[in-house]
Protein chains: 2
Amino acid sequence: MSPEPAATTGAVPRVTLADVAAHAGVSASTASLAFSGSGPVSDATKERVLAAADELGYAGPDPRARSLRRGRSGIVGVVLEERVRAAFLDPVKIQTLDGLAEGIASLGAGLLLFTDSGDPAAPVSLDTAPVDAVVLIGCSPKFFRQVEALQRRGIPMVAIEGAPGGDIPEITIDNREATRLGAEHLRSLGHEDVATVTLPFEASRARGPLTPEIESAATVDTAVERLRGARDVYPGIRAQVAAASSIEEGLEAGRALLADAATRPTAVIAQSDLLAAGVIGAAEELGLEVPRDLSVVGFDGIRVDGLQHDLTTLVQPSVAKGRAAGEAVVRMLSGQAAAGTDFTSELHVGETTAPPRA
Amino acid sequence: MSPEPAATTGAVPRVTLADVAAHAGVSASTASLAFSGSGPVSDATKERVLAAADELGYAGPDPRARSLRRGRSGIVGVVLEERVRAAFLDPVKIQTLDGLAEGIASLGAGLLLFTDSGDPAAPVSLDTAPVDAVVLIGCSPKFFRQVEALQRRGIPMVAIEGAPGGDIPEITIDNREATRLGAEHLRSLGHEDVATVTLPFEASRARGPLTPEIESAATVDTAVERLRGARDVYPGIRAQVAAASSIEEGLEAGRALLADAATRPTAVIAQSDLLAAGVIGAAEELGLEVPRDLSVVGFDGIRVDGLQHDLTTLVQPSVAKGRAAGEAVVRMLSGQAAAGTDFTSELHVGETTAPPRA
DNA sequence: CTGAAAGCGCTTACAG
DNA sequence: CTGAAAGCGCTTACAG
């Protein structure tokens, strides 16, 4: 015989606005007004209602009822399509999320995270959650069905880099043009033999030299566009695919690219700052000095924690992207139209690029 | 005269379950059953309802109405008390959040993030959000009022390392004992002259040598407890306070501690792995070799991206903490009692500790 | 400034 | 297996 649980929660007696009104001797309408402050109530009445609430232990209007009645829940959904720990390994995503929080601040709304929980049997379905709007970050078309359902329900949506389908406003950046800028910078320094380390081309995240097969199976636009930008300047550029955006992966790719002195490029275009930091690490392991022996260009413009170099990189407006998405959502919720935005990245010339050794 | 907006959103005509039912020629109850699948409906009827829904463009029951009626919203609130970018700089927090997502997976609930949006005028108030439960991560007592309101409403709460007030189950780890273990390891190797790099002691995040003033104004238990653990073994230990848990801060603190060869300790106890990585970097800058010239102990047991050393550290169960919180929430929501958990960390002896040079 | 009434859209006992 | 009725707890025109 096992003992009964010591105590159960949720046994709090439900007090409703009606109870409070009755206790205060006013109508429910008046009590409601006293709480919302959105109507004319005499101070005396208001105080009486608040006192009654206090006596009964009433904690304010039930958000569920309020949201049904008002048609708004005060919640904005954010879809990430990865596990929390994977999504937040990417500093750009974190900054974007931060900007988003800022962009919707005026709504006083919370951010409801939709991620892969690791339990395939328990998917939180986007379309049974009480959201006022949804922002998709880096999502694949696999959400098409749910996206469609949300659109039918009139829920405003915005996508940040991804192709969720539907006619959803998109927030994008100039991946190709920006990378081309970085490549041109290298060419203007005199580099002829340049290699690139790319982001994964698809979810399976193969690692190694880029093959036509990998390229034709690509689902990640960012990697493809940045590669195009590099090819605009160096058409036959050698490419090494990383399995993720991390220093560790950059190290591995860097080793693969730099190990053989005979085939060693004089410069590397990394598709992210983390990858660039790894490439620099690999160079240092081999006794190479950056930028004297190897030039390295990154992408993102984040501060890589612990990296001592001032990295030459394409600075993308990560926070602004999120904020723009948030502002678009706010606009749509107020009944206005909202369009996407295509942001521009800037070349920051730091101290990791220089002319090649003669 | 400015032009009208091109198009407004939200103009979708609202289709309700009643419309669908009418269209299918059944009652609302039956239509409801057809969607929820929780009652006996003939296949023929079900199909008719679904077909009607399709024709009318009905995307399924409105989550707001459903949550009012059912008394559950399917949302678990997570309070972080920082900006998104600050909170997610900490790998331990990310892992904890990941574990939490896992722990509540069976609920099929989403995680509603409450963070500082940067806009003080627009605080998302915890107590007007439709949450079924709330998990506080590293929160200060400043939430006491809201916490109380939630308790009055019978909303289950769990705290992970923090002192939100109230009689909320807490998930904690053995900060003091674990650090003591690390210190004992150093002592057993023969170290006499040991210093420590601590986490911030309060929100203002002063940086520099630890003073009695800083210590007495401490609000962050973690830093205090880990310091105590170090003092259990090295009572007069010299302490340098970092302004955050990062490699960069570890570098700074490391430089301060190691620059002067005359006062240089033979070992450093860092209160986080990121700080430890920074201390190692500082040592290497000075031409010191780890562990030959300096032993370094970390805390957390995360993989520091790009760190080449196998760090000696106290491995805390970050993911398990989150999962435990999630499971406690699930239990409470099913009406059972839930207690807190105090987790134990383990000493991992890597390759960054060795006997001091003779 | 206050109250009576309707209704937000759904689900759930309860009959049949 | 299906339907009629009540009600989740609130807010909002509408009268007064």
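- Remark on DNA chain D: of its neighbouring residues B:S27 and B:L68, the 5'-side contact belongs to B:S27, judged by nearest-heavy-atom nucleotide.
- The side chain of B:R69 approaches C:dT12 more closely than any other nucleotide in the set C:dT12, D:dT11, C:dT2.
- Listed nucleotides D:dG7, D:dT2, D:dA5 differ in distance to B:S29; the shortest reach to its side chain belongs to D:dA5.
- Contact check for A:V158 versus A:V134: no side-chain heavy atoms found under the 4.5 Å cut-off.
- Between B:A28 and A:P61, the residue anchored closer to the 5' end of DNA chain D is B:A28, taking for each the nucleotide with the nearest heavy atom.
- Between the CZ atom of A:R72 and the P atom of C:dG9 there is a distance of 14 Å, given to the nearest Å.
- In this structure, the CZ atom of B:F35 is 15 Å from the P atom of D:dT2, given to the nearest Å.
- Partner assigned to D:dA4 is none, using Watson-Crick or G-U wobble distances below 3.5 angstrom.
- Distances were taken from every side-chain heavy atom of A:D62 (C-beta onward) to each of D:dG3, D:dC10, C:dG9; the shortest belongs to D:dC10.
- Of the candidates C:dC10, D:dT12, D:dC10, C:dC10 carries the atom nearest the B:L17 side chain, counting heavy atoms from C-beta on.
- Rounded to whole angstrom, the span from the CG atom of A:D19 across to the P atom of D:dC10 amounts to 9 Å.
- Of the candidates C:dC10, D:dC1, D:dT12, C:dC10 carries the atom nearest the B:A65 side chain, counting heavy atoms from C-beta on.
- Side-chain N or O atoms of A:T96 include one that pairs as donor or acceptor with a backbone N or O of A:S318 at under 3.5 Å.
- Contact annotation: A:T30 side-chain N/O to C:dG3 OP1/OP2 distance is under 4.0 Å.
- A straight line from CG of A:L33 to C1' of D:dC14 spans 13 Å, rounded to a whole angstrom.
- B:V20 pairs with exactly one of B:L50, B:V49, B:D54 by the side-chain contact (heavy atoms from CB on, under 4.5 Å) rule, that one being B:V49.
- The shortest distance between the side-chain N/O atoms of B:Y58 and the OP1/OP2 oxygens of C:dG9 is not below 4.0 Å.
- A side-chain donor-acceptor contact under 3.5 Å links A:T16 to the backbone of A:A18.
- The distance between atom CZ of A:R153 and atom C1' of C:dG9, rounded to the nearest whole Å, is 11 Å.
- Distances shorter than 4.0 Å separate none of the side-chain N or O atoms of A:R64 from OP1 or OP2 on D:dC8.
- Under the salt bridge (Lys or Arg N to Asp or Glu O under 4.0 Å) criterion, B:D98 pairs with A:R83, A:R85, not counting sequence neighbours.
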